[in-house]
Amino acid sequence: MSAPRPEPARIVVLVSGSGTNLQALIDAAGDPAYGARIVAVGADRPDIEGLRRAERHGIETFVERVADHPDRAAWDAALAAAVAAHEPDLVVLAGFMKLTGPAFLARYGGRTVNTHPALSPSFPGMRGPQDALEYGVKVTGATLFVVDAGVDTGPIVAQVAVPVEDDDDVETLHERIKTSERAMLVEWVGRLAREPFTIDGRRIRFQPKELS
Ligand code: GAR
């Protein structure tokens, strides 16, 4: 039997918007068996529902706006420091609409995951659902990946497929994606929190249970 972690993994979640993915993680982490605790929620902008969700649950929040720093590199270093203040084991970008930079990755590379509303490597960037719809694909989805220096290019942790319906617009498609995306995020962030893993090239490998 694998030895239980002595303490739940500490998770910092970064958001930029409504935070429904964050809410799914907050709800999951309410169960001690989930093995993770959200210790802080950060954002790149104030006054968003994602931050209010955290506050309603008594979770600490912080905001680092790019505009409050002389340049992008200074913002990136400040973001890394703000995250570090909460000593996370894992960082989850859940609708965080900024690219993290070298300072952030130097500290949290290999233990930061991001969720993207498309099936990577298709449709990277900020407009995943719109680009999929415009291309005319019949199946799209969501991808959870380990953040690297590229745009939605890191090693893939999990993917979920979602059909595109003939009468979809960007909003209906994105909402259908998000329903599956939240379930994927909860399942795999829990696994990353509870089970030792290694990143071997582009493959995430969980340690076999009998060894952990
Ligand atoms: C999610 O679909 C997430 O994948 C996407 O923003 C949405 C956030 O929803 N992220 C990106 O597009 C990042 N490039 P939420 O705020 O309701 O969780």
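All ligand and atom numbering here is 1-based and tracks the order in the structure.
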Near [X], which atoms of ligand 1 are under 4.0 Å from a heavy atom of that residue?
X	result
H116	4 (O), 14 (N)
T115	3 (C), 4 (O), 10 (N)
K178	2 (O), 9 (O), 15 (P), 17 (O)
N21	1 (C), 9 (O), 15 (P), 18 (O)

Identify the closest protein heavy atom to [atom]: which residue and atom is it, and at what distance?
atom	answer
atom 4 (O) of ligand 1	E181 OE2, 2.4 Å
atom 5 (C) of ligand 1	P117 CD, 3.8 Å
atom 8 (C) of ligand 1	G95 CA, 3.6 Å
atom 14 (N) of ligand 1	G125 O, 3.6 Å

Between F104 and T112, is the side chain to side chain contact (heavy atoms under 4.5 Å, CB included) condition met? List the steps.
CA-CA 10 Å; F104 188 93; T112 298; 3.5 Å; yes
Of T20, V15, T61, which is the lone residue that meets side-chain contact (heavy atoms from CB on, under 4.5 Å) with R53?
T20
side-chain hydrogen bond (donor to acceptor under 3.5 Å, both in side chains) with E49: which residues, sequence neighbours excluded?
R52, R56
For the student: nearest non-hydrogen atoms of L79 and F62, plus distance
CD1-CE1, 4.3 Å
